[in-house]
Amino acid sequence: MINKSKVVATLMSLTLFLSTGMPVLATSQVNQSTNKSVSVLVYNGQSIKTLERSGIIYAPLAKIVQDAGDQYQWDAINYTATVTKKDKTVVQVSIGKTVAKVNGKELPLSVQKVKGVNVPAPAKAFLLNEDLYVSCHFLSTVLKYPVQFKAEEQKGQLLPQSSTPVKYDLSYQPPAGWVVPQIKSIATSDKKRNLEILDKELGFYNLGGAGAIFNPYGKGDGADPILVGSDLQDSYDVSIRFKYWEGGKTFPEGNKIPYVTRELFKFYLGQEDGLKLFKIMDDGYNGKDVSQYIGKMLTFGNRQVTIMEVQDSVRVIIGKAGVKYDSKWNVIK
């Protein structure tokens with residue numbers, strides 16, 4: 001079994017819990033600026049654009065508070081916003097703080113799980129264009145606003161629902177309408193060329209030849225649940241790091257990861273062996289005993305593969321085709 005508690009820390013900082021228990025629906029549009037435009041947040045029928053910083057989604061506080069019919073006051077001297085709800089709950093949020101005061105008690109603006117324990121995430125409130133931005137986790141869990149997300153086109157318009165739902169063959173449910181990318185090529189002996197193929201066919205973001213990341217929010221250098229390392233100096237072909245495997249009901253964007261991973265393994269190992277490696281990983285993340293595969297030198301066709309648990313992630317190393325290695329990935333001549 002692959003230890004899920006070790007690999008969910010980043011996922012928890014990305015997951016948005018709704019007070020109504022409704023799933024968050026989000027399809028991202030990412031640019032290359034510090035504040036990444038993510039999606040449209042819908043509250044009380046109003047569409048409000050959100051931003052992403054370091055994998056955490058933020059929204060402007062004043063607009064949502066006012067739409068909810070609650071009171072919002074801004075203290076320009078102390079850089080603090082005060083929200084007074086209809087039930088007389090008083091919430092204070094200050095710029096640069098990762099906690100808010102709720103009736104005098106401090107609560108985190110967002111949380112993440114580290115070794116099974118919920119701890120505050122580095123989700124500081126910030127000011128942008130005279131708007132105070134807070135994490136959407138805070139909006140839903142502390143202020144109890146039933147926020148939802150809808151996909152947006154590049155122009156920011158809401159996308160219409162497809163009349164023919166896309167069917168997914170795995171148990172993971174990505175955002176409605178997402179089309180699973182299909183790998184058409186097979187890995188070459190040129191590492192840089194392989195990264196270009198992953199960029200073109202699977203939507204990875206090429207980091208300039210040293211590696212590539214898959215960001216479920218959209219192509220860009222933000223969230224990186226899958227990191228493909230392809231250093232020319234390495235004796236093996238590729239090292240793939242997974243921060244987490246899926247997003248569950250509350251984070252459908254994360255459910256793209258297994259589908260993309262399956263295509264990634266097929267790219268390096270071929271159809272049959274790629275599916276075999278994918279099943280081992282999928283079984284491990286779903287609680288099945290895969291201990292016989294962890295930390296061992298495995299053989300898939302003419303390639304050697306190792307699966308390792310490293311700190312808060314899982315790493316898969318794939319050797320070059322036809323090359324034999326010892327347990328430390330030294331080439332056996």
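Below, all heavy atoms of this structure are taken into account, side chains as well, without hydrogens, waters or symmetry copies. Heads up: numbering here begins at 1 and tracks the sequence.
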Run the numbers on Val93 and Leu132 for side chain to side chain contact (heavy atoms under 4.5 Å, CB included), then give the verdict.
CA-CA 9 Å; Val93 184; Leu132 180 66; 4.3 Å; yes
Mark yes or no for whether Asn255, through its side chain, and Gln173, through its backbone, hold a donor-acceptor pair below 3.5 Å.
yes
Do the charged groups of Asp224 and Lys243 touch, with an N to O distance under 4.0 Å?
yes
When rounded to the nearest 0.5 angstrom, what is the spacing between NZ in Lys88 and NZ in Lys86?
11.0 Å
Could you give the distance from OG (Ser327) to CD (Gln304), rounded to the nearest 0.5 Å?
10.5 Å
Nearest atoms (heavy-atom pairs only) where Ile257 meets Pro225
CD1-CB, 3.5 Å
Would you find a donor on one side and an acceptor on the other, under 3.5 Å apart, between the side chain of Ser94 and the backbone of Lys97?
no
Any ion pair linking Lys192 and Glu196 (charged N to carboxylate O, less than 4.0 Å)?
no
Among the clusters formed by ILVMFWY side chains lying less than 4.5 Å apart, do Ile186 and Val228 turn up in the same one?
no
Taking all heavy atoms of Ser239 and all of Ile317, pick out the closest pair and write down the distance.
OG-CG1, 4.3 Å
Answer yes or no: is there a side-chain heavy-atom contact under 4.5 Å between Met297 and Trp329?
yes
Pair Asp169 + Arg262: basic N to acidic O under 4.0 Å
yes
Could you tell me whether the side chains of Thr188 and Asp190 share a donor-acceptor contact shorter than 3.5 Å?
no
So which atom in Trp245 and which in Pro258 form the shortest heavy-atom distance, rounded to 0.1 Å?
O-CD, 3.1 Å
So, the side chain of Arg303 versus the backbone of Tyr268: is there a donor-acceptor pair under 3.5 Å, distance only?
yes
Derivation and outcome, side chain to side chain contact (heavy atoms under 4.5 Å, CB included), residues Phe300 and Ile280
CA-CA 12 Å; Phe300 291 89; Ile280 293 171; 4.0 Å; yes
Residue from Leu61, Asp70, Ile64 passing side chain to side chain contact (heavy atoms under 4.5 Å, CB included) with Leu143:
Leu61
Regarding Asp237 and Lys191, does a basic nitrogen lie under 4.0 Å from an acidic carboxylate oxygen?
no
Thr89 side chain to Lys85 main-chain N or O, any donor-acceptor pair under 3.5 Å?
no
To the nearest 0.5 Å, how far apart are NZ in Lys256 and CH2 in Trp178?
6.5 Å
Under 3.5 Å side-chain donor-acceptor pair for Asp75 and Asn78:
yes
So does Lys124 have more than 12 non-hydrogen atoms from other groups sitting under 6.0 Å from NZ?
no
OG1 on Thr306 to NZ on Lys296, rounded to 0.5 Å:
10.5 Å
Counting only heavy atoms not in Tyr72, do more than 12 sit closer than 6.0 Å to its OH atom?
yes
Are more than 12 heavy atoms from other residues, nucleotides or ligands located less than 6.0 Å from atom NZ of Lys101?
no
Glu130, CD atom: more than 12 neighbouring heavy atoms under 6.0 Å:
no
Decide if atom CG of Leu298 counts as having more than 12 heavy atoms of other residues, nucleotides or ligands within a radius under 6.0 Å.
yes
Closest approach of Asn206 to Gly211 (non-hydrogen atoms, all atoms of both residues):
OD1-O, 3.5 Å
Does Tyr79 belong to the same Ile/Leu/Val/Met/Phe/Trp/Tyr cluster as Val90, with side-chain heavy atoms less than 4.5 Å apart forming each link?
no
Could you go through the side chain to side chain contact (heavy atoms under 4.5 Å, CB included) check for Lys266 and Leu275 one step at a time?
CA-CA 7 Å; Lys266 286 159 59 176; Leu275 292 177; 4.2 Å; yes
Tyr172 and Asp282: side-chain hydrogen bond (donor to acceptor under 3.5 Å, both in side chains), yes or no, with the steps?
CA-CA 11 Å; Tyr172 310 98; Asp282 194 48; 2.3 Å; yes
Closest approach of Ile318 and Tyr236, non-hydrogen atoms and distance?
O-CB, 3.6 Å
Do Asp131 and Tyr58 get their side chains close enough for a donor-acceptor pair, meaning under 3.5 Å?
no
Heavy-atom neighbours of Tyr325 OH exceed 12 at 6.0 Å:
yes
Could you tell me if the ring centre of Phe214 sits under 6.0 Å from that of Phe204?
yes
Mutual orientation of the aromatic rings belonging to Phe126 and Tyr133 [parallel < 30°, tilted 30-60°, perpendicular > 60°]
parallel
What is the distance from atom SG of Cys136 to atom CG of Leu109, rounded to the nearest 0.5 Å?
11.5 Å
Tyr168 and Tyr259 aromatic centres sub-6.0 Å:
yes
Mind checking whether Tyr285 and Tyr244 have ring centres under 6.0 Å apart?
no
Which value, rounded to the nearest 0.5 Å, describes the distance between Leu128 atom CG and Ile95 atom CD1?
10.5 Å
Strictly distance-based, threshold 3.5 Å: is any side-chain N or O of Gln71 a donor or acceptor partner for the main-chain N or O of Thr84?
no
For a quick test of reading the model, state the closest non-hydrogen atom pair linking Val305 to Leu269 and the distance between them.
CG2-CD2, 4.3 Å
Quick one: do Ile183 and Leu264 satisfy side chain to side chain contact (heavy atoms under 4.5 Å, CB included)? Show the steps, please.
CA-CA 7 Å; Ile183 194 71; Leu264 179 63; over 6 Å; no
Give a yes or no answer on whether the side chain of Asp326 reaches the backbone of Lys328 with a donor-acceptor pair at less than 3.5 Å.
yes
Any donor-acceptor pair under 3.5 Å from Arg315 side chain to Arg241 backbone
no
